[in-house]
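What follows is a single structure, written as structure tokens, with notes after it.
None of these values were measured; they are calculated from a predicted model.
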Amino acid sequence: MLSLVAIIARVATFGNPIVHVDESFYFVTARAMLDGALPFVDVWDRKPIGLFLVYVPAAAFGLPLGIWVYQAMALAAVVATALLIARLADRAGWRRGALAGAITYIVWLDLLEGQGGQAPVFYNLLTVGAAALIASSDRDHDPRSRLRRGLGAMALVGVALQIKYSVVFEGLFFGLWWLWRERMRRRHAVPMLAEGALLAVVALIPTALAWGYYQAIGQGPAFLYANFTSIAARQPDPILEQLGNLFKIVLITSPLFAAAILAFLRGERRGIRGWLFAWLAAAVFGLLVFGSWFDHYALPALVPLSICAAGFADDPRRASKITVIALLIAFLAGEVTVVTKRMGRGGPEQFAQVVDAIGHGPGCLYVYSGDSMLYPMSGRCRLSPYVFPSHLGRKRERGAIGVDQQAEIERILALKPAVVVLRTPYFGERSELRALVIMRTARDYRLKAAVPIGRDTNFVYALKSGDQAR
């Protein structure tokens with residue numbers, strides 16, 4: 001049943017190469033890795049390398065089949081996560097609400113930009129798997145068995161960290177809770193703390209291995225800058241914009257928080273139920289501390305939120321009717337949201353028109369603003385590691401990508417790419433850089449096509465005849 005719900009909820013995205021600019025870029029980077037590119041060096045971003053490795057199997061199928069493959073992978077991850085949500089709800093004694101909690105997760109993904117292959121869609125499975133291991137050890141009276149389960153949980157957290165570092169807060173919560181539980185069992189402090197240190201080491205192993213590899217090939221500084229230093233260097237969005245984003249998240253998730261609060265107030269709050277509510281608090285803290293608060297930033301909190309909301313759905317009285325009505329409304333709202341976003345961002349047919357206008361070579365492509373998926377779809381080469389367009393054009397990235405934005409744009413244009421693509425202006429763009437690109441394209445390029453794509457337009461410029469293209 002969960003598989004059917006997930007398919008219906010996500011079917012409007014299947015085969016669309018531009019569901020969201022983020023997952024387009026993940027696919028593009030994975031495809032570049034298969035061609036020999038090294039993340040953080042040849043293709044720059046601040047996401048951990050594990051996220052791109054997740055996309056490698058799909059990228060190996062090429063285009064367009066690879067798009068279907070990564071979306072099938074995301075679908076499988078969603079269903080598996082929902083199954084574990086139901087299992088944890090059942091484990092907490094909310095059996096009657098377990099199915100509702102699982103469906104809640106699937107349905108609310110569509111409302112929070114989780115309709116495709118965003119990073120949390122994949123690492124939420126690892127996080128809930130870690131939670132299931134910890135929960136299963138709660139009644140285990142063998143310290144060695146509890147340690148094995150704890151090590152398994154921390155290994156999953158470690159892998160999740162290499163998909164998105166924001167998992168660190170939930171990982172810390174799992175580890176600290178494990179230590180507190182062992183202490184409550186009257187264990188001696190020294191062996192308990194030693195085992196706790198071992199859990200921390202296991203969680204850090206995947207990140208240490210990634211850093212060690214880059215260090216071994218002489219790219220350790222590039223790894224550290226992209227993964228850590230650049231995050232702190234990025235400029236915050238305007239506070240009013242951030243608060244607006246947060247308000248939107250609160251509005252979308254408010255029914256779930258209301259259900260979770262009612263479950264907290266009404267029922268038992270000790271044991272595993274208390275732990276689940278505490279996990280939700282840790283996930284919300286992780287959401288709040290990062291700022292910006294784009295819709296998909298709330299996706300990690302959706303896992304414990306769905307489980308805790310199952311506590312409300314477990315009530316055999318009015319809650320069952322309310323739950324059914326709320327899920328139906330959320331499902332319909334999610335479908336409207338997914339279809340509306342597809343209409344606004346464009347679909348495969350419109351995107352194919354942009355690719356046809358670009359052509360398939362010879363000569364390189366520069367997407368100043370637009371979707372990075374244009375690179376592999378056109379088969380044209382790139383002239384910069386900064387493949388994600390907003391890294392060079394957005395205000396908040398100024399001084400946070402390792403190069404001067406304007407200098408890199410001028411370097412790219414000096415190489416005379418055969419085709420340059422610009423979309424219509426976007427919020428947060430550095431207008432002076434856009435003016436620079438427009439001035440250069442007016443001088444050296446001719447407008448080949450202006451292709452409507454969703455609510456936007458992609459302007460495709462071809463180098464004037466007689467100029468030497470790269």
Side-chain angles (χ1 to χ4, degrees), residues 21-60 70 119 122-123 126 155 157-168 171 200-235 290 364-367 372-373 375-376 380-394 396-412 414-415 417 470:
V21 292
D22 287 351
E23 54 202 75
S24 294
F25 176 69
Y26 305 152
F27 186 95
V28 169
T29 304
R31 182 62 254 177
M33 290 173 67
L34 291 171
D35 294 332
L38 184 65
F40 319 127
V41 178
D42 301 311
V43 179
W44 194 89
D45 195 53
R46 54 176 61 93
K47 304 292 191 306
I49 193 170
L51 177 55
F52 307 123
L53 290 174
V54 167
Y55 272 77
V56 163
Y70 98 72
F122 294 105
Y123 73 69
L126 299 171
V157 168
V159 175
L161 280 170
Q162 272 305 297
I163 298 178
K164 193 72 177 291
Y165 289 119
S166 57
V167 183
V168 65
V201 168
V202 168
L204 292 174
I205 283 175
T207 300
L209 289 174
W211 172 79
Y213 172 76
Y214 274 83
Q215 188 70 18
I217 63 173
Q219 295 293 346
F223 176 89
L224 292 175
Y225 180 80
N227 283 261
F228 303 107
T229 309
S230 69
I231 297 174
R234 188 167 54 179
Q235 299 179 25
F290 271 102
C364 292
L365 168 68
Y366 173 43
V367 182
S372 57
M373 189 66 80
Y375 288 103
R380 289 184 180 268
C381 54
R382 59 188 184 277
L383 297 172
S384 171
Y386 300 94
V387 178
F388 194 66
S390 66
H391 283 153
L392 291 180
R394 192 177 285 273
R396 69 178 181 184
E397 297 292 354
R398 186 173 188 171
I401 61 172
V403 297
D404 179 81
Q405 290 171 306
Q406 180 171 336
E408 180 66 7
I409 290 173
E410 290 179 338
R411 185 191 70 82
I412 295 168
L415 293 173
R470 284 288 299 271

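- In terms of heavy atoms, P48 sits closest to Y165 at CG-CE1, 3.4 Å.
- Taking 4.5 Å as the limit, every side-chain heavy atom of Y366 sits out of range of all side-chain heavy atoms of L383.
- Within a 6.0 Å radius of CZ in R396, other residues, nucleotides and ligands contribute more than 12 heavy atoms.
- Among all heavy-atom pairs drawn from S372 and P389, the shortest one is CB-CD, 4.4 Å.
- Closest heavy-atom contact between A226 and S230: O-OG, 2.9 Å.
- To the nearest 0.5 angstrom, I409 atom CD1 is 6.5 Å from Q405 atom CD.
- In this structure a side-chain-to-backbone donor-acceptor pair under 3.5 Å is present from R31 to A59.
- For the pair L51 and Y123, the minimum side-chain heavy-atom distance is 4.5 Å or more.
- The two residues L365 and P417 have their closest heavy-atom pair at C-CB, 4.4 Å.
- Using bins of under 30°, 30° to 60° and over 60° for the plane-to-plane angle, the ring pair W44/H391 lands in the perpendicular bin.
- Looking at M373 and V28, their side chains come closer than 4.5 Å, going by heavy atoms from C-beta outward.
- With sequence neighbours left out, the side chain to side chain contact (heavy atoms under 4.5 Å, CB included) criterion links A32 to A37, V43, R382.
- Here F52 pairs with nothing under the ring pair (Phe, Tyr, Trp, His ring centres under 6.0 Å) rule; sequence neighbours left out.
- The aromatic rings of F223 and F228 sit perpendicular, their planes meeting at an angle over 60°, well past the 30° parallel limit.
- Counting only distance, with no hydrogens or angles, the side chain of Y375 and the backbone of V367 share a donor-acceptor pair below 3.5 Å.
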- Task: Give the intermediate values and the outcome of side chain to side chain donor-acceptor pair (under 3.5 Å) for residues E23 and Y70.
- Result: CA-CA 9 Å; E23 54 202 75; Y70 98 72; 2.7 Å; yes

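- For the pair Y55/T29, no side-chain contact is recorded, criterion being any heavy-atom separation below 4.5 Å from C-beta on.
- Listed by first then second residue, pairs satisfying side chain to side chain donor-acceptor pair (under 3.5 Å) with a partner in residues 212-222 number zero, not counting sequence neighbours.
- Within the 3.5 Å criterion, the main-chain N or O of I401 finds no donor-acceptor partner in the side chain of R46.
- Considering all non-hydrogen atoms of both residues, Y225 and G399 come closest at OH-O, 4.1 Å.
- Considering CD1 of I163 and CD1 of I49, their distance stands at 12.5 Å, rounded to 0.5 Å.
- Considering only heavy atoms from C-beta on, V167 stays 4.5 Å or farther from L126 through its side chain.
- Between the CZ atom of F388 and the OG atom of S24 there is a distance of 9.0 Å, given to the nearest 0.5 Å.
- Judged by distance alone, with hydrogens and angles left aside, the side-chain atoms of E397 form no donor-acceptor pair with the main-chain N or O of S390 at under 3.5 Å.
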- Message: Walk me through whether Y386 and I412 qualify under side chain to side chain contact (heavy atoms under 4.5 Å, CB included).
- Response: CA-CA 10 Å; Y386 300 94; I412 295 168; over 6 Å; no

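- Contact check for P39 versus K47: no side-chain heavy atoms found under the 4.5 Å cut-off.
- Separation of atoms CG (D45) and CG (D22) is listed at 8.5 Å; rounding is to 0.5 Å.
- A distance of 10.5 Å separates CG of L204 from CD of Q162, quoted to the nearest 0.5 Å.
- Annotation for E408 and P385: closest pair OE2-CD, 4.0 Å, computed over non-hydrogen atoms.
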- Message: As a quick check of understanding, evaluate side chain to side chain contact (heavy atoms under 4.5 Å, CB included) for L38 and I217, giving each step before the final call.
- Response: CA-CA 11 Å; L38 184 65; I217 63 173; 3.6 Å; yes

